[in-house]
Amino acid sequence: MHDGSGRIVVQGLTKQFGPVAAVQNLSFTVEPGSVTGFLGPNGAGKTTTLRMLLGLVTPTAGTALINGAPFERLGNPGRVVGAVLEAQGFHPKRTARNHLRVYAAAIGVPDGRAEQVLQLVGLGAAGDRKAGGFSLGMKQRLALATALLGDPQVLVLDEPANGLDPEGIAWLRAFLQSFARSGRTVLISSHLLAEVEQTVDQVVIISRGQTMYHGPLDNLRAQQQARVLVQPSDAGALVNALREEGVAGIEQLPDGRIAVTGVEARQVADTALKAGVSIYGIEEEKADLERLFFQLTSGQYAAPGQFGQPGTGYYAPPPGYQQPPVPPGYQQPGYQQPPNPYAAPPGPQTPGTGYHQPVPPPGTGYHQPVQPPPGYQQPPPPDNPYGPQQGQGGLGGGA
């Protein structure tokens with residue numbers, strides 16, 4: 001049996017799929033009474049970790065415990081853990097109310113609980129509608145209602161805000177925070193970093209299947225200094241004045257502004273005034289979760305130069321951070337240029353003949369026109385009963 005603590009403990013968790021290490025020696029703890037965000041790039045091992053936690057995937061090594069026990073030893077796990085990994089497990093012809101009653105019977109709770117959770121997630125008026133006609137946001141609410149049937153101690157949710165409108169996201173945030181304040185445990189995986197930042201107290205950030213950071217979000221923010229962004233009339237004069245006052249953290253930005261760390265905006269403005277430098281704009285920029293996320297994951301799937309040079313400037317990792325080695329068998333996804341079906345075959349080609357033309361040098365912007373075969377006539381354009389169409393290019397329309 002479990003110890004009733006509500007704590008999630010992952011220790012040395014590893015999962016190999018053949019030669020590929022999806023999760024490598026992952027360790028973290030999720031405490032009750034808090035909302036913990038589980039973050040990482042696509043392919044970092046988040047879903048595999050959650051599946052191991054819920055007993056759906058067998059670890060190669062390590063443990064994933066809920067209340068001090070593996071998921072399969074919780075007795076009646078539906079009364080301990082409510083989980084949503086996909087909001088699609090509904091029979092399309094079954095009403096929301098009947099769907100919940102089936103699950104209620106499976107975990108041993110009365111039918112009346114189905115009505116309670118429908119009201120709790122805002123689907124009280126849609127209980128008699130068939131789930132197949134629900135929007136994605138309504139399916140998310142129904143999936144959450146299913147997870148809440150057993151009045152669980154622990155909630156594990158994968159992308160719970162997906163498909164919700166702004167009002168639904170605000171409701172979900174308030175609900176999860178209230179659920180955690182009652183002494184229960186919430187672990188959510190999400191890509192909406194700005195929303196997660198407003199919801200969670202703790203974060204677990206992983207990359208390449210390994211833990212990059214685990215702890216309070218406030219502690220993570222404290223590891224990165226805020227900086228002052230200033231647009232001066234004379235950048236050189238302001239830099240010299242700041243250095244004379246002992247300010248060392250000065251960086252020239254590509255847009256002409258100066259980034260100053262270790263000081264407040266008021267000090268920068270006072271220094272500029274003393275030096276006779278006009279200020280056209282000044283703001284204090286604090287490190288948000290998105291910036292911290294990019295630092296810790298080290299641009300796992302970013303193109304070179306997308307987030308600045310690694311290890312330099314504002315995108316440098318927090319103090320004390322060490323880049324972990326790439327796990328054995330891990331393959332970095334890459335892009336390969338597909339073959340050009342219109343390229344000329346090997347060998348010299350005579351310009352202006354045939355369909356194979358020499359490929360122009362890259363970056364010239366010039367493309368040799370293709371000559372049609374002898375006797376070819378351009379067919380007339382088809383009749384358009386609707387007349388010329390405007391705005392139909394690119395992404396298609398729709399009601």
Side-chain angles (χ1 to χ4, degrees), residues 1-11 28-39 46 49-56 63-87 100 103-104 106-110 112-123 140-162 164 168-190 192 195-204 214-218:
M1 294 298 291
H2 58 82
D3 60 17
S5 65
R7 183 178 292 108
I8 297 174
V9 178
V10 172
Q11 186 65 42
F28 61 87
T29 302
V30 180
E31 297 290 346
S34 65
V35 181
T36 299
F38 189 41
L39 312 176
K46 299 189 304 297
T49 300
L50 295 181
R51 289 184 174 276
M52 287 190 284
L53 179 65
L54 299 173
L56 300 175
T63 57
L65 307 178
I66 301 174
N67 283 4
F71 184 85
E72 61 271 15
R73 297 183 189 173
L74 292 177
N76 189 348
R79 305 294 293 270
V80 180
V81 183
V84 178
L85 295 187
E86 293 182 3
L100 292 172
Y103 276 80
I107 64 176
V109 298
R113 179 62 179 167
E115 192 64 37
Q116 293 175 2
V117 295
L118 277 174
Q119 299 294 335
L120 185 62
V121 301
L123 291 179
Q140 285 282 16
R141 290 176 181 260
L142 183 55
L144 179 59
T146 307
L148 295 171
L149 275 171
D151 193 22
Q153 187 179 14
V154 178
L155 269 181
V156 178
L157 309 176
D158 190 12
E159 299 288 349
N162 187 26
L164 295 181
I169 292 176
W171 167 83
L172 179 66
R173 181 197 311 143
F175 171 79
L176 294 178
Q177 291 173 340
S178 175
F179 188 90
R181 282 195 297 268
S182 67
R184 308 190 195 197
T185 305
V186 180
L187 177 63
I188 59 172
S189 170
S190 179
L192 302 177
E195 175 55 36
V196 167
E197 189 169 16
Q198 300 180 61
T199 305
V200 305
D201 312 295
Q202 314 275 330
V203 289
V204 177
H214 161 225
L217 180 57
D218 289 340

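- Every residue two or more places apart in sequence or in another chain was checked for a salt bridge (Lys or Arg N to Asp or Glu O under 4.0 Å) with R113, and none qualifies.
- Smallest separation of non-hydrogen atoms from A104 and L149: N-CD1, 3.8 Å.
- Here the side chains of N67 and Q153 are in contact, with some heavy-atom distance below 4.5 Å.
- What you find for A180 and V186 is that their closest heavy atoms are CB-CG2, 4.2 Å.
- Annotation: the span from L54 atom CG to L50 atom CG amounts to 6.5 Å, rounded to 0.5 Å.
- Across every non-hydrogen atom of A147 and P152, the tightest pair is O-CG, 3.4 Å.
- One finds the CZ atom of F38 at 12.0 Å from the CD1 atom of I188 (value rounded to the nearest 0.5 Å).
- The CZ atom of R141 lies 14.0 Å from the OG1 atom of T146; values are rounded to the nearest 0.5 Å.
- The backbone N or O of I107 sits less than 3.5 Å from a side-chain atom of N76, completing a donor-acceptor pair.
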Side chain to side chain contact (heavy atoms under 4.5 Å, CB included) between L148 and V121, intermediate numbers included: CA-CA 10 Å; L148 295 171; V121 301; 4.3 Å; yes

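- Within a 6.0 Å radius of CD in Q198, more than 12 heavy atoms belonging to other residues, nucleotides or ligands are found.
- The two residues V200 and T36 make their nearest non-hydrogen contact at CG1-C, 4.1 Å.
- Distance check, rounded to the nearest 0.5 Å: CG of L176 to CH2 of W171 gives 7.5 Å.
- Taking the six-membered ring where tryptophan is involved, the planes of F179 and F175 are tilted, since the angle between them lies from 30° to 60°.
- Under a 3.5 Å cut-off, the side chain of S34 and the backbone N or O of V30 do not form any donor-acceptor pair.
- Counted within 6.0 Å of CZ on F71, heavy atoms from surrounding residues, nucleotides or ligands total more than 12; the atom is thus considered enclosed.
- At least one donor-acceptor pair under 3.5 Å links the side chain of Q140 to the backbone N or O of N162.
- Within the structure, every pair that satisfies the salt bridge (Lys or Arg N to Asp or Glu O under 4.0 Å) test and touches residues 148-159, not counting sequence neighbours, is listed here: D151-R184.
- For the pair L157 and S189, the minimum side-chain heavy-atom distance is 4.5 Å or more.
- Rounded to the nearest 0.5 Å, atoms CZ (R73) and CD1 (I66) are 13.5 Å apart.
- Here the side chains of L53 and V156 are in contact, with some heavy-atom distance below 4.5 Å.
- Between P70 and T63 there is no side-chain heavy-atom pair separated by less than 4.5 Å.
- The side chain to side chain donor-acceptor pair (under 3.5 Å) search around R7 returns E31, not counting sequence neighbours.
- Using modelled atom types, one side-chain atom of T185 and one backbone atom of G6 make a donor-acceptor pair closer than 3.5 Å.
- Counting heavy atoms from C-beta on, the side chains of L187 and L155 never come closer than 4.5 Å.
- Annotation for K46 and L39: closest pair CD-C, 3.7 Å, computed over non-hydrogen atoms.
- Side-chain contact check for L120 versus L118: every heavy-atom pair is 4.5 Å or farther apart.
- For the pair V117/L100, a side-chain contact is recorded, criterion being any heavy-atom separation below 4.5 Å from C-beta on.
- Looking only at distances, no side-chain donor or acceptor of H214 sits under 3.5 Å from a matching main-chain atom of V203.
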